[in-house]
There are 2 protein chains.
Amino acid sequence: MDPRETLKAHILKTAILTDAAFDYLFSHFKLKSFKKGQAIISEGDKVDHEYFVISGCLKAFFINDEIKMYILQFAMPTWWTSDYGALYNHTRATISVDCISDAEVLCLSNDDREKICSEIHQAEHFFRWRTNRGYLASQKRLLSFMNNDTKARYEELLAMYPQLYNLVPKHLIAAYLGVSRETLSRLYNAQK
Amino acid sequence: MDPRETLKAHILKTAILTDAAFDYLFSHFKLKSFKKGQAIISEGDKVDHEYFVISGCLKAFFINDEIKMYILQFAMPTWWTSDYGALYNHTRATISVDCISDAEVLCLSNDDREKICSEIHQAEHFFRWRTNRGYLASQKRLLSFMNNDTKARYEELLAMYPQLYNLVPKHLIAAYLGVSRETLSRLYNAQK
DNA sequence: GGGCTTAGGTGATGTACATCACATTCTGCA
DNA sequence: TGCAGAATGTGATGTACATCACCTAAGCCC
């Protein structure tokens with residue numbers, strides 16, 4: 001769970017970096033610890049960092065008309081999260097991020113990412129591939145939304161992240177699936 | 001509508017390239033023309049190219065259990081499309097691409113893209129930003145799916161792409177919105 | 001450890017949508 | 001130009017889900 005080694009192993013899966021280059025890159029990250037329930041990005045905030053999860057679990061979510069919450073992403077260790085729309089377009093946060101459990105994250109500022117990307121070709125390569133994976137995951141989820149009913153999406157989610165079942169309260173799973181907590185409850189309590 | 005100038009203007013919005021570098025990059029693209037209705041990628045195909053639309057309109061879609069079609073993307077001029085999952089993971093196409101109207105596209109192979117990205121840092125930069133924009137669009141659409149009803153999504157789509165209303169048959173718009181053609185028909189024929 | 005907050009279950013009811021069925025128009029092409 | 005197939009409209013009916021209302025059980029906190 002060493003932050004430096006976690007990030008290093010993660011990046012070296014897709015990029016080739018000398019130790020010196022990685023050390024330089026790593027010097028731009030700041031380690032922060034958060035408590036369960038603590039907010040990292042709140043709606044309306046200025047957003048200038050993205051976050052790499054070392055331990056714990058975050059959620060990135062959107063709240064509409066002050067009532068309903070939709071979860072865009074559960075961020076587990078080695079996942080990246082932020083309000084990327086706000087981060088890239090320099091607008092205020094519409095997506096919030098907070099901690100489902102105590103968590104440690106590595107923070108990287110938008111400016112530093114762009115600086116590193118322009119200085120180190122392989123860093124740009126890494127971030128291209130990371131974004132690409134995010135794009136494919138998002139597209140897959142979109143298709144699943146159009147194509148599958150709630151039950152199928154629920155089973156798909158648990159098959160992909162079995163830890164979630166114990167880690168995350170059920171109403172948050174409902175908010176990820178885009179259904180009411182009542183519907184989710186009825187789903188897995190149904191006879192058969 | 002010169003293909004070379006269209007691509008050049010598109011790329012120079014996010015990357016800095018000398019004329020020579022752009023010429024080199026451009027030499028890897030092949031121009032192809034397609035007729036309305038013609039398939040570019042069919043389910044089960046080996047996928048090794050992505051496509052930059054010069055003129056016309058394509059659709060990228062998924063068909064489930066041989067019956068229902070879901071449209072992931074209408075690709076208009078200066079848009080990129082492919083089955084990126086298959087392209088990056090070297091698997092067979094699950095997403096198909098075909099032509100809604102006659103179309104001209106520039107084709108770039110996966111190998112050539114990776115080659116260019118490793119040779120030209122600014123090309124890697126461009127493709128990172130392109131993917132990033134796709135990711136943000138996909139995330140926005142996902143949120144819209146969870147948060148808005150069909151009518152709101154229909155109006156959102158037409159506000160963003162007014163040309164679609166005349167260019168694209170309504171049952172394809174329904175397939176993009178993820179509702180039945182009947183529901184869409186009733187929606188905009190409703191009194192008021 | 002009593003009370004308060006949060007998570008979760010369950011019934012009753014309403015609604016947006018799918019589905020099926022069929023009618024009507026449009027369009028391309030032999 | 002006339003016909004086949006595609007696109008579109010519309011009614012009747014079924015269903016998955018939301019919503020509201022209320023209940024129980026499990027943290028958590030001074």
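Sequence lines set the chain letters: A, B, ... in the order given, protein chains first and strands last, and positions in each chain run from 1. From a predicted model like this one, the values you see are computed outputs, not experimental measurements.
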Distance under 6.0 Å and angle within 45° of ring axis: A/Lys170 vs A/Tyr165: yes
Atom pair distance, as rounded to whole Å: CZ in B/Arg186 and P in C/dA16: 13 Å
Residue B/Thr150, side-chain heavy atoms: nucleotide from C/dC17, C/dG9, C/dG8 that is nearest: C/dC17
Atom-pair distance (NZ on B/Lys170; P on C/dC26), nearest Å: 13 Å
Ring centroid separation A/Phe29 to A/Phe52 under 6.0 Å: no
Presence of B/Ser185 side-chain N/O under 4.0 Å of D/dT10 phosphate oxygens OP1/OP2: no
For atom CG of B/Asn189 and atom P of D/dA7, their distance in whole Å: 18 Å
Touch class at under 4.0 angstrom, heavy-atom based, for A/Gly178 against every strand present: sugar-phosphate
Nearest-angstrom distance from the residue atom CZ of A/Arg181 to C1' of C/dT6: 10 Å
B/His171 side-chain N/O to D/dT8 phosphate OP1/OP2 under 4.0 Å: yes
Plane angle bin for B/His28 and B/Tyr24 - parallel if under 30°, tilted between 30 and 60°, otherwise perpendicular: perpendicular
Ring centroid separation B/Tyr161 to B/Trp79 under 6.0 Å: yes
Contact under 4.0 Å: A/Lys68 side-chain N or O vs D/dT19 OP1/OP2: yes
Whole angstrom value for the distance that separates C1' of C/dA18 from CG of B/Asp149: 16 Å
C/dA18 phosphate, OP1 or OP2, under 4.0 Å from B/Thr183 side-chain N/O: yes
Pair B/Phe61 + B/Tyr70: ring centers closer than 6.0 Å: no
Interatomic distance, A/Tyr154 OH vs D/dC17 P [rounded to whole Å]: 14 Å
Separation of C/dG8 P from A/Glu182 CD (nearest whole Å): 12 Å
N or O in side chain of A/Tyr188 less than 4.0 angstrom from C/dG8 OP1/OP2: no
Contact nearer the 5' end of DNA chain C, comparing B/Leu187 with B/Lys36: B/Leu187
Distance, rounded to the nearest Å, where B/Tyr165 contributes OH and D/dT8 contributes P: 10 Å
